[in-house]
Amino acid sequence: MLGAWLLLWGGLAAGADPALLRRADDGAGRCTYSFTVASPSEASCPEAGGALRAELAALAARLSLLESREPGATVAESPRACGELRRAAARLEEDKGRLEREKEELRRRLESSARELARLRAGCPPRGDGPLRDALHGSGQASRWDPQTVDYQELKSARMEVPASRLLQETAQGRAGAEDSGCGELVWVGEPVVFGQADSIAGKYGVWMKDPEPVPPFTRATTWRVDTVGTEVRQLFQYDDAEQFSKGYPAKVHILPRALESTGAVVYRGGLYFQQRRSRLLAKYDLRGEAIVAEKEIPGAGYHGQYPYSWGGYTDIDLAVDETGLWVIYSTEKAKGAIVLSKLDPETLEIQRSWETNIRKQSVANAFVICGVLYTISSYTVPNATVNFSYDTATGTSRPLSIPFQNRYQYLSMVDYNPAERQLFAWDSFHMVAYPVRLARA
Ligand code: CA
């Protein structure tokens, strides 16, 4: 038997295919032999590689299944994680809703701005063609501007030369202090100096101001600006100083509780004084407390296009500040369109006293008060305009003047005197400018 096995082994060993003989004790004192021969093809023999691949494929499928079920499995396995995920989902839903609402609001505002811009572009008259007011604010009341009256008054204003000997006291820019009243009559207006420039249509006209008697925390350097283009003017820009103002970097934007109309506002003793929209009501807005602290109606005052300056723009009620206090320039039916000048109590806005002049309000471009004397400007658009009339409240008399006044950008929408700076602040077609002045004692 052993010989037969060896013969078989020898025969197999002589073949090309390798064979492996194994011997082992079967545990019962017997020796078992086994050998393995590679077979090129044997259908009955199970394929080891195939089984392994099948097993690997099954594992991969299981792994894939586990991966695909991982979130669900985690949620199922951790109630706390489940709660967090639900809360996060709720927050995302809330954010989504809020962003949708903001998107809708921005879309609405964009459309509104586009309409306003289109309206301004379509309605803006060529420079010098007349008041912009009607174009901006729809038909409303027709302008009562009468250019013939302007010519008449300008022709009537006789040239008045001021001898050098009368220039007794001149105070250059920024040197006039409260202790130096330096009062006198206006004899000279210098060239405009640009302090700021608007970069959008909203700043074509407006009003810029400094408080001649500031109240802390504000200072003489604090500068204020309102762009008055549009129908709902409520933004008051506050700048720390001239540099921030010129750069257009406000320190704060106040939102006024009432809409403001036109370019007649002033800042005085810590308050913004302004005319409320479509109203003869004046308001005092406390700059520190950020609230309206006084309101008063100007009896009989025309407003919203009844008695504007020649520029238009609803400049019916114009506030002014001088060395002596707070004033309001307007007109009434009783005065038949002539300028009425009233002194106001800055606390209560009560009228303390009024003067009726013989200067037609609609025939002049703007007005301001220096040392109790009202001065008017002949034109808002002629490059070489003049300060053409004065009215002295001390004597109750007016007289023609011809002090050169330069409209450099030919669209003068606001002029105010600042007694502390001793300058005229003005807004001339996107430009915030100031003119030095000289006063002379009579
Ligand atoms: Ca004015």
Side-chain angles (χ1 to χ4, degrees), residues 127-134 143-160 185-186 189 192 205 207 262-264 266 275 301-303 305-320 322 327-332 335-342 354-370 372-393 396-417 424-429 435 437:
R127 198 176 266 176
D129 275 8
L132 186 62
R133 174 202 52 198
D134 297 331
S143 169
R144 300 188 183 189
W145 182 55
D146 179 2
Q148 289 184 343
T149 315
V150 176
D151 293 343
Y152 175 67
Q153 292 211 356
E154 284 182 341
L155 284 170
K156 277 190 71 177
S157 65
R159 177 166 289 277
M160 188 189 76
E185 64 184 61
L186 179 70
V189 179
Y205 49 85
V207 51
S262 198
T263 58
V266 293
Q275 178 214 334
Y303 63 93
Q306 197 173 358
Y307 301 115
Y309 292 126
S310 58
W311 171 67
Y314 300 139
T315 47
D316 302 65
I317 296 177
D318 186 19
L319 287 143
D322 76 345
W327 302 83
V328 61
I329 304 161
Y330 59 103
S331 189
T332 62
K336 299 184 178 66
I339 287 179
V340 178
L341 181 64
S342 295
S354 290
W355 291 260
E356 191 177 309
T357 74
N358 58 351
I359 305 164
R360 262 175 57 82
K361 187 155 184 294
Q362 287 175 270
S363 71
V364 296
N366 216 301
F368 52 90
V369 182
I370 301 178
V373 178
L374 174 89
Y375 295 90
T376 61
I377 293 168
S378 62
S379 167
Y380 66 91
T381 186
V382 171
N384 298 312
T386 57
V387 176
N388 61 345
F389 286 101
S390 70
Y391 179 89
D392 191 343
T393 56
T397 57
S398 63
R399 62 180 179 137
L401 301 174
S402 190
I403 300 169
F405 182 95
Q406 192 182 117
N407 282 324
R408 178 167 296 167
Y409 305 101
Q410 298 170 45
Y411 200 78
L412 193 73
S413 56
M414 159 250 160
V415 182
D416 265 340
Y417 173 62
L424 297 175
F425 283 33
W427 195 300
D428 188 0
S429 189
Y435 298 76
V437 299

Quiz item: Should P308 and Q362 count as side-chain neighbours, where that means a heavy-atom distance under 4.5 Å?
Solution: yes
Self-check item: I339 and its side-chain contact (heavy atoms from CB on, under 4.5 Å) partner, picked from V364, D318, N358
Solution: V364
Practice problem: Mind listing the closest non-hydrogen atom pair of D322 and G372 along with its distance? | Solution: OD2-N, 2.6 Å
Quiz item: Only one of W427, F405, W311 clears side-chain contact (heavy atoms from CB on, under 4.5 Å) with L412; which?
Solution: F405
Exercise. Mind checking the CE-CZ spacing from M414 to F368? Nearest 0.5 Å is all I need.
Key: 11.5 Å
Quiz item: What distance separates Y375 OH from I403 CD1, expressed to the nearest 0.5 Å?
Solution: 6.5 Å
Quiz item: D392 side chain to T397 main-chain N or O, any donor-acceptor pair under 3.5 Å?
Solution: no
Quiz item: How would you list all residue pairs meeting salt bridge (Lys or Arg N to Asp or Glu O under 4.0 Å) that involve residues 378-389, not counting sequence neighbours?
Solution: none
Quiz prompt | Check: S378 side chain, N388 main-chain N or O, donor-acceptor pair, under 3.5 Å | solution = no
Quiz prompt | Point-to-point distance, once rounded to the nearest 0.5 Å, from OG of S398 to CD1 of I359 | solution = 5.0 Å
Quiz item: Counting distance only, does the side-chain N/O of N366 pair as donor-acceptor with the main-chain N or O of I377 below 3.5 Å?
Solution: no
Exercise. Grab the two heavy atoms, one from S331 and one from A338, that are nearest each other, plus how far apart they are.
Key: OG-O, 2.6 Å
Quiz item: Can you find a side-chain donor-acceptor pair between S342 and Y330 that sits under 3.5 Å?
Solution: yes
